[in-house]
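First the proteins, then the strands, lettered A, B, ... as listed; each starts at 1.
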There are 2 protein chains.
Amino acid sequence: MTTAQRPTLEAVARRAGVSRATVSRVVNGSTTVAESIQQAVRQAVEELGYVPNLAARSLVTQRTDSIALVLPEAATRVFSDDQVFPGIIRGAAQELEAADKQLVLMLAGSPGGHERVERYTTGRHVDGVLFASLHGEDPLPGRLARLGIPVVCSGRPLDGVEVPYVDVDHVGGVTRAVRHLIEGGRRRIATIAGPQDMVAGIERLIGYRDTVAAAGLPELVAYGDFTRESGAAAMRQLLAAYPDLDAVFAASDLMAHAALRTLREAGRRVPDEVAVIGFDDIETAAYTEPPLTTIRQPIVELGRAMTRQLLRIAGGEAVEPALLLPTELIIRDSA
Amino acid sequence: MTTAQRPTLEAVARRAGVSRATVSRVVNGSTTVAESIQQAVRQAVEELGYVPNLAARSLVTQRTDSIALVLPEAATRVFSDDQVFPGIIRGAAQELEAADKQLVLMLAGSPGGHERVERYTTGRHVDGVLFASLHGEDPLPGRLARLGIPVVCSGRPLDGVEVPYVDVDHVGGVTRAVRHLIEGGRRRIATIAGPQDMVAGIERLIGYRDTVAAAGLPELVAYGDFTRESGAAAMRQLLAAYPDLDAVFAASDLMAHAALRTLREAGRRVPDEVAVIGFDDIETAAYTEPPLTTIRQPIVELGRAMTRQLLRIAGGEAVEPALLLPTELIIRDSA
DNA sequence: TTGTAAGCGTTATCAG
DNA sequence: CTGATAACGCTTACAA
């Protein structure tokens, strides 16, 4: 276990025959250092394999060069295969890599986890906090913002607090999807709505309601929680309650996938008798039977946009209170 | 932007009427402090909302209380919907939460990213490093280990270096799967192998080869890279080369899923004419047409086990050089 | 049991 | 343009 003593600024300074301050300047790219000295310092850094001690640096700069991504979802649901969270993670990681900052991932599913996140983030151990997919009315984003800690949420915070957020255009996407159904001649259009304690669930239902109402069509609603199991159950409810339905918009591809299967089991042909549209455009959507028509959301871009906003806030810039990313209707065979 | 000055140990000490050292002791749970003083300190901590500055702490303790999880995959592939990486992330997060340590996520797909990971990890900015799914012969794990930095890999490192690793029992799982096919009367058993620069791809192919060879059956091999697209292409190759095949083992569920569709398009009935078995047991596997027989791997547990090993190493314990987690054959309808 | 004081490795402020 | 020197907030011998 040779815990090789890592070289310090001091060591580099001695070797290059200059002061610590000068080495620090070179390392941090100050331009006010003579070229010859820069050379010498850089060589010493190279020879000694010097790497700055971030703890020492952040102690004096008051920055940590890391940001937290909080996934406040119950741990079991965070990584269902809808790829939403992985997509956000990936987008954030890409953008942070460019900014040379670290991504600290925190799951806040359990109550203990939530408390831990609170301690850590309020303790200013990160330069900013990204919240993915709030559940219910989490007071943490608002609290952090009030403490002056940069915060960006994915989706409008449900507790009405003024925190900058980025989201995809749920309503626009759903509107296009439902109109597509109507234009296809469907008149008994049902929906499998998402959980109503999440922005995505709420907004997608609004999009459905407004569009069918505008067309003078009835609202046929059942609720799920974005998972396949819940989608299957909701589809059965809909079939029982509205046996004459001729279309269904499911608020997630997972639920749509389950609906497809449930419809088949019930002997309904898709899309001939019942058209189905999902939301997300997960990879599997192209491989369902029949391939799923769905609304694509730019999920990686969501992660990137959130991160960019956060970095701007951390940099002292003012940012738009809300950013809406476009969604797109992907037409396959199910509708 | 009221960047509220956060309270320091000093402030707490003043308020409680004791020295900094005593506060530090209480905060760090030393037992050698009088009960009454502990009370006072705790109250002061509470009132001031004191949270320790981790940078300052780590500067003196030489620990960072954070560990890195490196995903050295190309960014575009890290988050395909096979759930492997999300599963590992989740397992690591769970275990680290229990240990009150932070998870720093690093993607090392691009060359620049890889260099960044190297700088960061060799710079001892983390107490240990977890490597998920090595690609090719990455020298970094070995180098870190030599520097005395705790390292654990998922899967045996391909450059033959002696780094502790945890993996699932690929060979055992595949052996059971292929035997199941043989017992079902299949005699022309093909495989869609995974990429041969990854342990998972290599080992799963070994499992197939050994088992068909032991049964005196021919090896019918095509290669993919675990993705659906590659699986479809490989399945077409196999059909062209071995039109009389009666079973196929795909080294990933995604490839198996694509194979299912390709077979259907080619007019082969599954499982009557061709049996199909996958590997992973992703959520979608239960929803394919027909539902996919596959090998389940405990992927979250893999993340947890890796993390536990790493924490033990960081704690100075000696650990087993390798740990193998059991896999399980899940029989559905496709074989 | 508690307090004092010496660092930990940087950056930043001043002089020079 | 460069070098002392003082923080930054905490832990930890060593004293008391």
Side-chain angles (χ1 to χ4, degrees), chain A residues 3-42 44-45 48-66 100 119-120 122-127, chain B residues 3-42 44-45 48-66 100 119-120 122-127:
Chain A
T3 304
Q5 201 58 35
R6 51 190 289 212
T8 69
L9 212 52
E10 180 70 44
V12 177
R14 261 201 311 275
R15 179 157 198 133
V18 297
S19 73
R20 283 208 310 265
T22 299
V23 177
S24 175
R25 290 190 187 99
V26 174
V27 168
N28 292 289
S30 166
T31 51
T32 70
V33 178
E35 184 57 39
S36 64
I37 293 196
Q38 289 200 30
Q39 298 264 322
V41 170
R42 263 190 257 284
V45 164
L48 264 39
Y50 169 76
V51 186
N53 180 321
L54 296 189
R57 173 180 287 169
S58 105
L59 186 57
V60 40
T61 59
Q62 308 281 30
R63 288 178 304 107
T64 63
D65 284 327
S66 63
D100 206 34
R119 259 195 0 253
Y120 194 76
T122 59
R124 294 173 185 278
H125 300 318
V126 287
D127 295 343
Chain B
T3 304
Q5 202 58 33
R6 49 189 291 212
T8 69
L9 212 52
E10 179 71 43
V12 177
R14 262 203 310 275
R15 178 156 197 131
V18 298
S19 73
R20 283 209 311 266
T22 300
V23 177
S24 173
R25 291 191 186 101
V26 173
V27 169
N28 292 290
S30 165
T31 51
T32 70
V33 178
E35 183 57 38
S36 63
I37 293 196
Q38 289 201 29
Q39 297 262 323
V41 170
R42 264 190 256 284
V45 165
L48 264 38
Y50 169 76
V51 186
N53 181 319
L54 295 189
R57 173 180 287 169
S58 106
L59 187 56
V60 39
T61 59
Q62 307 280 28
R63 289 177 304 108
T64 64
D65 284 326
S66 63
D100 206 34
R119 260 196 359 253
Y120 194 77
T122 58
R124 295 177 185 274
H125 300 317
V126 287
D127 295 344

Checklist entry - Nearest-Å distance, CG (D65(A)) to P (dT10(C))? => result 14 Å

Next on the checklist: Just the rounded figure in Å: distance from P of dT2(C) to CD of Q39(B).
Outcome noted: 13 Å

Item to check | Between P of dG9(D) and CZ of R124(A), the distance in whole Å | outcome: 12 Å

Next on the checklist: Restricting to side chain to side chain donor-acceptor pair (under 3.5 Å), what partner residues turn up for S24(B), sequence neighbours left out?
Outcome noted: N28(B)

Checklist entry - Starting at CD of Q38(A) and ending at C1' of dC1(D), how long is that distance when rounded to a whole Å? => result 11 Å

Would you list the atom pairs, donor with acceptor, under 3.5 Å between side chains in residues 8-16 of chain A and any protein atom, with sequence neighbours excluded?
| from | atom 1 | to | atom 2 | distance (Å) |
| --- | --- | --- | --- | --- |
| T8(A) | OG1 | E10(A) | N | 3.2 |
| T8(A) | OG1 | A11(A) | N | 3.4 |
| E10(A) | OE1 | R20(A) | NH1 | 3.1 |
| R15(A) | NE | E47(A) | OE1 | 2.6 |
| R15(A) | NH2 | E47(A) | OE1 | 2.9 |

Checklist entry - In whole angstroms, how far is the C1' atom of dT4(C) from the CG atom of L9(B)? => result 14 Å

Item to check | Euclidean distance, atom CG of residue N28(A) to atom C1' of dG9(C) [Å, nearest integer] | outcome: 13 Å

Next on the checklist: Within the structure provided, determine whether D127(B) and S66(B) are in side-chain contact (heavy-atom separation under 4.5 Å).
Outcome noted: no

Next on the checklist: What is the separation between atom CZ on R6(A) and atom P on dC8(C), rounded to the nearest whole Å?
Outcome noted: 14 Å

Next on the checklist: Going by the rule salt bridge (charged side-chain N to carboxylate O under 4.0 Å, His left out), which residues pair with R57(B) if we only count those two or more places apart in sequence or in a different chain?
Outcome noted: none

Checklist entry - Can you tell me how far P of dC10(D) sits from CZ of R57(A), to the nearest Å? => result 21 Å

Item to check | Contacts of N53(B) that satisfy side chain to side chain donor-acceptor pair (under 3.5 Å) - sequence neighbours left out | outcome: none

Next on the checklist: Just to verify, what does S19(A) make a side chain to side chain donor-acceptor pair (under 3.5 Å) with, not counting sequence neighbours?
Outcome noted: T22(A)

Checklist outcome for this item: With sugar-phosphate taken as primed atoms, P, OP1 and OP2 and all else as base, the protein-contact string of nucleotides 2-8 of chain D at under 4.0 Å (heavy atoms; B, S, -) is BBBBB-B

Item to check | Below 4.0 Å: OP1/OP2 of dT10(C) and any side-chain N or O of S24(A) | outcome: no

